[in-house]
Amino acid sequence: MAAGIAHFAIPGTYDAIIPHLLPWSRRVWTYLSGATEVALAVGVVWRRTRRVAATLSAVFFVLVFPANIQMLMDSSSRTAAAIAAVRLPLQLPLIWWAWRVRHQV
């Protein structure tokens with residue numbers, strides 16, 4: 001939920017990692033992904049929608065993986081590259097968490 005809200009509070013941070021090959025403006029993708037994250041977080045909270053929201057969350061985490069690659073490719077310093085490199089494998093526990101929540105319903 002916090003990451004989704006951050007897309008609206010500090011959109012420039014997220015604009016910077018949108019893969020260059022996507023159509024439309026980066027801001028459109030920032031807001032779209034932020035709204036998706038917020039909606040999925042709300043969906044996981046409610047029992048009736050938890051299974052679907054958790055499944056879609058796992059898919060979402062896979063789909064946003066290219067943004068983490070873009071962040072690594074565009075890194076302008078060793079520190080930024082290190083942060084980006086750490087983010088890449090962090091997607092795996094998020095996918096695992098979503099899949100686990102999906103099966104706990």
Side-chain angles (χ1 to χ4, degrees):
M1 177 72 79
I5 293 169
H7 281 68
F8 297 95
I10 50 171
T13 303
Y14 295 92
D15 290 349
I17 65 171
I18 302 297
H20 304 293
L21 60 95
L22 291 175
W24 310 318
S25 75
R26 290 179 170 194
R27 186 60 51 93
V28 167
W29 289 107
T30 295
Y31 288 156
L32 183 61
S33 61
T36 301
E37 284 191 48
V38 170
L40 291 172
V42 170
V44 168
V45 170
W46 286 320
R47 186 169 176 77
R48 287 180 33 180
T49 58
R50 186 172 297 147
R51 184 177 180 92
V52 170
T55 302
L56 293 174
S57 293
V59 171
F60 178 79
F61 294 139
V62 170
L63 292 175
V64 299
F65 190 76
N68 293 317
I69 294 170
Q70 189 71 56
M71 183 180 186
L72 181 60
M73 291 172 38
D74 291 345
S75 296
S76 59
S77 69
R78 286 185 185 195
T79 302
I83 292 168
V86 168
R87 283 181 59 124
L88 287 170
L90 288 179
Q91 291 300 111
L92 295 174
L94 289 172
I95 294 165
W96 174 83
W97 166 83
W99 205 249
R100 184 175 160 104
V101 167
R102 178 191 186 279
H103 292 293
Q104 290 178 346
V105 175

Colleague: Keeping the roles fixed (side chain from Q70, backbone from I18), state whether a donor-acceptor pair exists under 3.5 Å.
Modeller: no
Colleague: For I17, what residues pass the side-chain contact (heavy atoms from CB on, under 4.5 Å) criterion, not counting sequence neighbours?
Modeller: A67, M71, R87
Colleague: Run through the side-chain heavy atoms of Ile, Leu, Val, Met, Phe, Trp and Tyr, join any pair under 4.5 Å, and report what else lands in L90's cluster.
Modeller: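 Reading the cluster by chain and number, L90 sits alongside V86.
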Colleague: Would you say V52 ends up clustered with L94 if hydrophobic residues are merged whenever their side chains have heavy atoms under 4.5 Å apart, either directly or through other cluster members?
Modeller: yes
Colleague: What pairs meet the salt bridge (Lys or Arg N to Asp or Glu O under 4.0 Å) rule with one or both residues in residues 8-24, with sequence neighbours excluded?
Modeller: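 For residues 8-24: D15-R27.
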Colleague: Just to verify, what does T55 make a side chain to side chain donor-acceptor pair (under 3.5 Å) with, not counting sequence neighbours?
Modeller: R102
Colleague: Provide the full list of salt bridge (Lys or Arg N to Asp or Glu O under 4.0 Å) pairs with a residue in residues 65-77, sequence neighbours left out, each pair given once.
Modeller: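 Passing the test, one end in residues 65-77: no pairs.
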Colleague: State plainly whether one hydrophobic cluster holds both V64 and M1, where clusters connect Ile, Leu, Val, Met, Phe, Trp and Tyr through side-chain heavy atoms under 4.5 angstrom apart.
Modeller: no
Colleague: Does anything in residues 55-67 pair up under salt bridge (Lys or Arg N to Asp or Glu O under 4.0 Å), and if so which pairs, sequence neighbours excluded?
Modeller: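 Sorted result for residues 55-67: empty, none.
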Colleague: Taking all non-hydrogen atoms of both residues, which atom of S76 and which atom of A80 are closest, and how far apart?
Modeller: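 The pair with the smallest heavy-atom distance is N-CB, 4.3 Å.
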Colleague: Tell me who clusters with L92, hydrophobic residues only, linked when side chains sit under 4.5 Å apart either directly or through other members.
Modeller: none
Colleague: Can you see which heavy atom on A6 is nearest to which on Y14, and at what distance?
Modeller: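 Minimum heavy-atom separation between A6 and Y14: CB-OH, 3.4 Å.
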Colleague: Not counting sequence neighbours, which residues clear side-chain contact (heavy atoms from CB on, under 4.5 Å) with T79? List them please.
Modeller: S77, I83
Colleague: Give the other cluster members for M73, using side-chain heavy-atom distances under 4.5 Å between Ile, Leu, Val, Met, Phe, Trp and Tyr residues; answer none if it is isolated.
Modeller: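 Under the 4.5 Å side-chain rule, M73 groups with F65, I69, L72, L88.
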Colleague: Output side-chain donor-acceptor pairs under 3.5 Å for residues 36-45, partner residues at least two apart or in another chain, one line each.
Modeller:
from: T36; atom 1: OG1; to: L32; atom 2: O; distance (Å): 2.8

Colleague: Could you name each residue pair satisfying ring pair (Phe, Tyr, Trp, His ring centres under 6.0 Å) that touches residues 67-99, not counting sequence neighbours?
Modeller: W99-H103
Colleague: Quick one: ring pair (Phe, Tyr, Trp, His ring centres under 6.0 Å) pairs with a partner in residues 21-45, sequence neighbours left out?
Modeller: F8-Y31, W24-W29
